[in-house]
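What follows is one structure encoded as structure tokens, with my remarks underneath.
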Amino acid sequence: MIAIVDCNNFYASCERVFNPKLEGRPVVVLSNNDGCIIARSNEAKALGIEMAMPAFQIEPFLQKHHVAVFSSNYVLYGDLSERVMNTLATLVKEIEIYSIDEAFIDLSGYREDLTELGFRIRRKIKQWTGIPVSVGIAPSKTLAKVANKIAKKSGGVHLLADPESIRQALEKLPVKDIWGIGGQYSKFLKSYGILTALDLTRAKDAWIQKHMTLVGLRLVKELRGESCIELDTEPAPKKAIGTARSFGQMLSDFETIAEALANYAATCARKLRQQQSCANMLTVFLETHPFKEDLPQYFNSKVITLPVATNYTPEIVHYAKQGLKAIFKKGYQYKKTGVIVSGLVPEDQVQRNFFDEADRGKQRALMKVMDAINDTMGKDRVRLLAQGYDRKWKLRQERLTPCYTSRWEELLTIDVDKK
DNA sequence: TCTGGGGTCCTAGGACCC
DNA sequence: TCTGGGGTCCTAGGACCC
């Protein structure tokens, strides 16, 4: 048996942990740049606020219903996620951290009542971290996801084990709500009269594979109770790493965009070093604002093959800027730029060439010192001049809460009532 | 009339997830 | 005024090999 532990309305719950007044109130969290709604408390869902709605369009509605609105604070959410996962690790052995707010766990070999175990997990995580979670338990990952959906609406834990209860659950589940079925497939299936998960389990294997590839076939087998997607407790290193942001305002001059890009490139280089990889390739892209249809639109990208795989910040920044030069055109209002590094190899398996004159050992030593300083004294304490200081391109984050758990200056303070 | 058979590697595009 | 960001996997088709 497999379980999935999923934090309820994770980002909204994180905001509540340090602000209990929000309990019972509708809460939403916005995407970067305060753009779209990306998390909603149950109260906010009940008001009919949908996922991914642009915040500016429903601003009056949010005010009218006294919805608490927050900019996203990924430092806080990342830290609380780690606490949740660490707490879970005290209760079970095999854990796959699937996303910032979800983990699969392997329950084979557990003798105790699984529903009871689910409730123990729920209680302990709530007590230790303040985050409410739901637990779905079933014979496959896909069915565990189904069970979790039911758990969210019932008591927080749901077990799907016997064939009849599985059948009943699948009968009520529209295909679009199955893990792995998105908009395209649900439209396609509907055109064939396949409306529920139960309908889908009755389709022929060959037909499914023909129209939905091997991925689809695996999914259907999982719905039938045959576990096909293994627990992945040690995720492989990433194959590509990207950093991109929309600007807080439109930008048209090369220098400011290059400064923003240098920061994204530096972030990519840092992430490469964190997973001990070097990149052979670098892609830069630049785009205008797709929603401003009256303005001239432009999108372009440039792929650069690096002479030798690297994770050295100055080198990544240098080639990123070179890529930007190749695609930048005057006269447009730009909204977003980004860097993707790919062709990743382990940093101790880099293929050199005869013409490479860089002192790679020295570069690595320098990055080690820089990272050590920035880890202890604050992000970007030491940085390249190219990363700049003005930050004209910075994100809009008008309703940002403190990093309660990761910055000394921002610890929660409590006013004691003096009598 | 009549032109083989068995592979590998790479990439773009399409689907999906959170 | 105002619309996010970061990933994965699979397949078909092209280029190449012997």
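All values below were derived from every heavy atom in this structure, side-chain atoms included, with hydrogens, water molecules and symmetry-related copies excluded. A note on names: the letters A, B, ... follow the listed sequences, proteins ahead of strands, and every chain is numbered from 1. A quick note: this is a predicted structure, and the numbers were derived from the prediction, not measured.
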What pairs of residues pass the salt bridge (Lys or Arg N to Asp or Glu O under 4.0 Å) test when at least one of them lies in residues 177-203 of chain A, not counting sequence neighbours?
none
Donor-acceptor contact present, side-chain A/Lys394 to main-chain A/Phe247, <3.5 Å
no
Grab the N/O contacts between the protein and nucleotides 3-7 of chain C below 3.5 Å, and write none if there aren't any.
{"from": "C/dT3", "atom 1": "OP1", "to": "A/Lys335", "atom 2": "NZ", "distance (Å)": "2.9"}
{"from": "C/dT3", "atom 1": "OP2", "to": "A/His289", "atom 2": "NE2", "distance (Å)": "2.9"}
{"from": "C/dG4", "atom 1": "O4'", "to": "A/Ser31", "atom 2": "OG", "distance (Å)": "2.9"}
{"from": "C/dG5", "atom 1": "OP1", "to": "A/Ser246", "atom 2": "N", "distance (Å)": "2.5"}
{"from": "C/dG5", "atom 1": "OP2", "to": "A/Ser246", "atom 2": "OG", "distance (Å)": "3.0"}
{"from": "C/dG5", "atom 1": "OP2", "to": "A/Lys336", "atom 2": "NZ", "distance (Å)": "3.1"}
{"from": "C/dG5", "atom 1": "O3'", "to": "A/Arg245", "atom 2": "NH1", "distance (Å)": "3.0"}
{"from": "C/dG6", "atom 1": "OP1", "to": "A/Ala244", "atom 2": "N", "distance (Å)": "3.3"}
{"from": "C/dG6", "atom 1": "OP1", "to": "A/Arg245", "atom 2": "NH1", "distance (Å)": "2.7"}
{"from": "C/dG6", "atom 1": "OP2", "to": "A/Ala244", "atom 2": "N", "distance (Å)": "2.7"}
{"from": "C/dG6", "atom 1": "OP2", "to": "A/Ala244", "atom 2": "O", "distance (Å)": "3.2"}
{"from": "C/dG7", "atom 1": "OP2", "to": "A/Gly242", "atom 2": "N", "distance (Å)": "2.6"}

Measure the spacing between OG1 of A/Thr115 and CG of A/Leu159 and express it to the nearest 0.5 Å.
4.5 Å
Side chain to side chain contact (heavy atoms under 4.5 Å, CB included) involving A/Ser71 - partner list, sequence neighbours excluded
A/Asp34, A/Gln397, A/Arg399, A/Leu400
Are A/Ser41 and A/Asn9 close enough that a side-chain donor and a side-chain acceptor fall under 3.5 Å?
no
Proximity to DNA chain C (any heavy atom under 4.0 Å), residues of residues 212-236 of chain A only:
A/Thr213, A/Leu214, A/Val215, A/Arg218
In terms of side-chain heavy atoms, does A/Thr288 have a donor or acceptor partner in A/Gln333 at a distance below 3.5 Å?
no
Of A/Arg383, A/Arg270, A/Arg273, which meets side-chain contact (heavy atoms from CB on, under 4.5 Å) against A/Met370?
A/Arg273
Listed by chain and number, what are the side chain to side chain contact (heavy atoms under 4.5 Å, CB included) partners of A/Ala309, not counting sequence neighbours?
A/Cys278, A/Asn280, A/Val345, A/Val350
I'd like the C1' distance from B/dC17 over to C/dG4, given in whole Å.
15 Å
Side-chain donor-acceptor pair present, A/Asp79, A/Thr405, cut-off under 3.5 Å:
yes
Residues passing the side chain to side chain contact (heavy atoms under 4.5 Å, CB included) test with A/Val220, sequence neighbours excluded, are A/Leu200, A/Ile208, A/Arg224
The contact string for nucleotides 10-17 of chain B, one letter per nucleotide 5' to 3', using protein heavy atoms under 4.0 Å with B, S and - for base, sugar-phosphate only and none, comes out as -----SSS
Any stems for DNA chain C, made of 3 or more Watson-Crick or G-U pairs in a row, each with both distances under 3.5 Å?
B:5-18 with C:5-18
Mutual orientation of the aromatic rings belonging to A/Trp179 and A/Phe104 [parallel < 30°, tilted 30-60°, perpendicular > 60°]:
tilted
Under 3.5 Å donor-acceptor pairs involving side-chain atoms of residues 315-332 of chain A, not counting sequence neighbours:
{"from": "A/Glu315", "atom 1": "OE1", "to": "A/Thr310", "atom 2": "OG1", "distance (Å)": "2.7"}
{"from": "A/Glu315", "atom 1": "OE1", "to": "A/Arg360", "atom 2": "NH1", "distance (Å)": "3.0"}

Determine all donor-acceptor pairs shorter than 3.5 Å in which one atom belongs to a side chain in residues 17-29 of chain A; sequence neighbours excluded.
{"from": "A/Arg25", "atom 1": "NE", "to": "A/His66", "atom 2": "O", "distance (Å)": "3.3"}
{"from": "A/Arg25", "atom 1": "NH2", "to": "A/His66", "atom 2": "O", "distance (Å)": "3.0"}

Taking DNA chain C as the partner, which of residues 305-333 of chain A come within under 4.0 angstrom of it by heavy atom?
none
Is it the case that A/Thr283 and A/Lys302 place a side-chain donor and acceptor less than 3.5 Å from each other?
no
Going by the side chain to side chain donor-acceptor pair (under 3.5 Å) test, which pairs reach into residues 101-110 of chain A, not counting sequence neighbours?
A/Ser99-A/Asp101, A/Ser99-A/Glu102, A/Glu102-A/Lys145, A/Asp106-A/Ser108
